[in-house]
Participant: 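Shown below is the structure under consideration.
The chain is numbered in sequence order, starting from 1. Heavy atoms only: backbone and side chains are in, while hydrogens, waters and symmetry mates are out.
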Amino acid sequence: MTVTLADVAARAQVSPATVSRVLNGNYPVAASTRERVLRAVDELDYVLNGPASALAAATSDLVGILVNDIADPFFGIMASAIQSEIGGPGGRAGGERLAVVCNTGGSPERELTYLTLLQRQRAAAVVLTGGAMENAPHAAAVASKLRKLADAGTRVVLCGRPPASDTGAIALTFDNRGGGRELTEHLIGLGHRRLGYIAGPEERTTTRHRLEGHRAALEAHGIEEDPRWTVYGRYDRQSGYEATLELLRRDPSLTAVVAANDSVALGACAALRDSGLRIPEDVSVAGFDDLPFSIDAVPALTTVRLPLSEAGARAGRIAMGREEPPPGGIATIRGELMVRGSSGGPRE
């Protein structure tokens with residue numbers, strides 16, 4: 001049943017005119033009244049009508065791109081590629097669409113807020129990038145938002161995120177397990193048997209999938225993982241630096257460090273150098289993603305290349321209806337192992 005302005009007014013115990021003033025922001029309203037109205041909007045999941053031009057069509061010219069951290073090249077590369085495909089035929093005003101990059105900062109609440117705002121604005125498309133939160137209530141809330149967007153005519157594409165079943169969303173997902181396994185098997189093939197692992201935040205699907213790939217490689221080669229060899233942290237350089245020092249404190253005999261991503265790997269390299277260790281003569285280092293700076297690190301970083309730009313561009317074309325979705329609505333994108341100077345055989 002469609003929620004109306006009158007329903008919101010009744011819940012907030014104000015007039016429909018007051019609700020309209022709060023939502024339009026064009027008339028002063030007491031703070032306590034404004035809070036009651038906004039609470040009622042959230043509780044009823046009321047969708048605000050957008051501009052008159054949007055009302056005349058199923059959707060507006062707005063396209064939302066959700067990222068965890070726009071300063072992280074992983075997300076910046078994808079967002080840029082998505083946006084490059086958004087212009088052109090399809091919009092009503094001059095054939096263009098307006099791309100809005102929504103930076104969640106890793107906040108589950110902010111992710112839901114942006115999805116609600118995009119729903120209210122009748123966005124033509126929404127693209128969610130990167131891994132999802134490992135939290136059942138949040139996952140259910142996101143799935144509900146995605147279903148409502150799709151039901152309203154919004155194209156929803158997940159880029160680098162696991163599929164969300166029964167939501168109508170198209171998923172272009174990265175094979176993080178396969179890449180994690182291949183990376184660790186490369187190091188095992190060089191002779192390493194004591195490998196430290198710096199994981200990302202525990203609540204992220206990307207963290208779990210890459211770590212599962214790493215552990216699968218250890219198990220396949222009969223290497224028993226020591227609980228001391230895994231440290232969790234953020235997906236940034238500082239976290240990599242601190243985690244590496246912790247790994248060395250726990251087990252100074254480690255001969256390799258596998259990092260959750262390339263930024264973490266750079267921090268690991270810095271910590272090893274500051275500890276008087278050489279790369280790769282004393283300790284090998286490997287990352288993930290093959291971000292632009294990886295090849296310029298000294299030594300150049302062994303990593304798994306994910307086609308971030310290509311995946312983002314494809315997500316943008318699907319979102320704009322210029323490319324057919326993959327069969328079944330899901331495509332798995334595999335990475336490529338890039339062997340460089342940061343990995344070598346273990347010290348004797």
Participant: Hey, could you give me the OG1/CZ distance between T116 and R120, rounded to the nearest 0.5 Å?
Facilitator: 6.0 Å
Participant: When you measure from the side chain of T244 to the backbone N and O of G240, does any donor-acceptor pair fall under 3.5 Å?
Facilitator: yes
Participant: Compare all side-chain heavy atoms of L187 with those of T302 and state whether any distance is below 4.5 angstrom.
Facilitator: no
Participant: Is it the case that the side chain of T207 and the backbone of E202 share a donor-acceptor pair, with hydrogens and angles ignored and the cut-off at 3.5 Å?
Facilitator: no
Participant: Any side-chain heavy-atom pair from S275 and L245 closer than 4.5 angstrom?
Facilitator: yes
Participant: Minimum heavy-atom separation for V157 to A315, with atom names?
Facilitator: CG1-CB, 3.9 Å
Participant: Nearest 0.5 Å, please: how far is CG in L301 from OG in S342?
Facilitator: 4.5 Å
Participant: When clusters are formed by joining ILVMFWY residues with side-chain heavy atoms under 4.5 Å apart, either directly or through shared neighbours, do L5 and V41 land in the same one?
Facilitator: yes
Participant: Give the minimum heavy-atom separation between P307 and R334, together with the two atoms involved.
Facilitator: CD-O, 4.1 Å
Participant: Could you walk me through whether L128 and L146 satisfy the side chain to side chain contact (heavy atoms under 4.5 Å, CB included) test, starting with their C-alpha distance in whole Å, then the side-chain angles of each, then the deciding distance to 0.1 Å, before giving a yes or no?
Facilitator: CA-CA 10 Å; L128 295 86; L146 299 186; 4.0 Å; yes
Participant: Begin from the C-alpha positions of L66 and V126 and carry the test side chain to side chain contact (heavy atoms under 4.5 Å, CB included) through to its verdict.
Facilitator: CA-CA 8 Å; L66 271 67; V126 174; 4.2 Å; yes
Participant: Find out if a path of hydrophobic residues (ILVMFWY) with successive side-chain heavy-atom gaps under 4.5 Å connects V283 to Y241.
Facilitator: no
Participant: Is there a side-chain contact between Y46 and D7 (heavy atoms, below 4.5 Å)?
Facilitator: no
Participant: Quick check against the 3.5 Å criterion: does R317 have a side-chain atom that pairs as donor or acceptor with the backbone of E323?
Facilitator: no
Participant: Among the clusters formed by ILVMFWY side chains lying less than 4.5 Å apart, do M338 and V304 turn up in the same one?
Facilitator: no
Participant: State yes or no: do V63 and I70 share one hydrophobic cluster built from I, L, V, M, F, W and Y residues joined by side-chain heavy-atom distances below 4.5 Å, directly or via other members?
Facilitator: yes
Participant: Below 4.5 Å, heavy atoms only, C-beta onward: do P326 and R314 meet side chain to side chain?
Facilitator: yes
Participant: With no hydrogens and no angle check, is any side-chain donor or acceptor of R228 less than 3.5 Å from a backbone partner on R250?
Facilitator: yes
Participant: What's the verdict on side chain to side chain contact (heavy atoms under 4.5 Å, CB included) for I82 and T129, showing C-alpha distance, side-chain angles and the deciding distance?
Facilitator: CA-CA 10 Å; I82 294 166; T129 64; 3.8 Å; yes
Participant: Once rounded to the nearest 0.5 Å, what's the spacing between atom CG of L195 and atom OG1 of T255?
Facilitator: 5.5 Å
Participant: So which heavy atom on P163 is nearest to which on A171, and how close?
Facilitator: CA-CB, 3.7 Å
Participant: Run N135 and E203 through side chain to side chain contact (heavy atoms under 4.5 Å, CB included) and show every step you take.
Facilitator: CA-CA 7 Å; N135 177 283; E203 68 275 9; over 6 Å; no
Participant: If you define the side chain from C-beta out and look only at heavy atoms, does anything of L306 sit under 4.5 Å from N176?
Facilitator: yes
Participant: Is a side-chain N or O of D72 found less than 3.5 angstrom from the main chain of F74, in a donor-acceptor match?
Facilitator: yes
Participant: Do M78 and V127 have side-chain heavy atoms sitting under 4.5 Å apart?
Facilitator: no
Participant: Using distance alone, with no hydrogens and no angle criterion, decide if H186 and S343 have a side-chain donor and acceptor under 3.5 Å apart.
Facilitator: yes
Participant: Does CG belonging to D296 count more than 12 external heavy atoms closer than 6.0 Å?
Facilitator: yes
Participant: How close do G191 and P346 get, counting heavy atoms only, and between which atoms?
Facilitator: O-CG, 3.5 Å
Participant: Within the 4.5 Å heavy-atom criterion, are S263 and D289 side-chain neighbours or not?
Facilitator: no
Participant: Only one of E185, R305, E182 passes side chain to side chain contact (heavy atoms under 4.5 Å, CB included) with L337; say which it is.
Facilitator: E182
Participant: Does S20 use its side chain to pair, donor to acceptor, with the backbone of A17 at less than 3.5 Å?
Facilitator: no
Participant: Grouping I, L, V, M, F, W and Y whenever their side-chain heavy atoms are under 4.5 Å apart, do V101 and I77 come out in a common cluster?
Facilitator: yes
Participant: So, for G276 and D282, which heavy atoms are closest and what is the spacing to 0.1 Å?
Facilitator: O-OD2, 4.4 Å
Participant: When you measure from the side chain of R193 to the backbone of I188, do you find a donor-acceptor pair of N or O atoms at a distance under 3.5 Å?
Facilitator: yes
Participant: Can you tell which of R210, H209, R215, R208 makes a side chain to side chain donor-acceptor pair (under 3.5 Å) with E212?
Facilitator: R208
Participant: Please check this pair: side chain of R204 against backbone of G131, looking for a donor-acceptor N/O pair closer than 3.5 Å.
Facilitator: yes
Participant: So if I apply the side chain to side chain donor-acceptor pair (under 3.5 Å) rule between T184 and each of H214, H221, H192, which one comes out positive?
Facilitator: H214
Participant: Is there side-chain contact between L291 and L308, with at least one heavy-atom pair below 4.5 Å?
Facilitator: yes
Participant: Answer yes or no: does atom CD of E219 have more than 12 heavy-atom neighbours from other residues, nucleotides or ligands under 6.0 Å?
Facilitator: no
Participant: Working to the nearest 0.5 angstrom, can you tell me the gap between L211 CG and I198 CD1?
Facilitator: 12.0 Å
Participant: Under the 3.5 angstrom rule, does the side chain of T205 hit a backbone N or O of A132 as a donor-acceptor pair?
Facilitator: yes
Participant: Rounded to the nearest 0.5 Å, how far apart are CD1 of I170 and CD of E324?
Facilitator: 9.5 Å
Participant: What distance separates Q121 CD from T154 OG1, expressed to the nearest 0.5 Å?
Facilitator: 11.0 Å
Participant: Does the side chain of D69 come under 3.5 Å of the side chain of Y235 through a donor N or O and an acceptor N or O?
Facilitator: no
Participant: Between D262 (side chain) and D290 (backbone), is there a donor-acceptor pair under 3.5 Å?
Facilitator: yes
Participant: If a pair satisfies salt bridge (Lys or Arg N to Asp or Glu O under 4.0 Å) and one of its residues is in residues 153-163, list it, with sequence neighbours excluded.
Facilitator: E111-R161
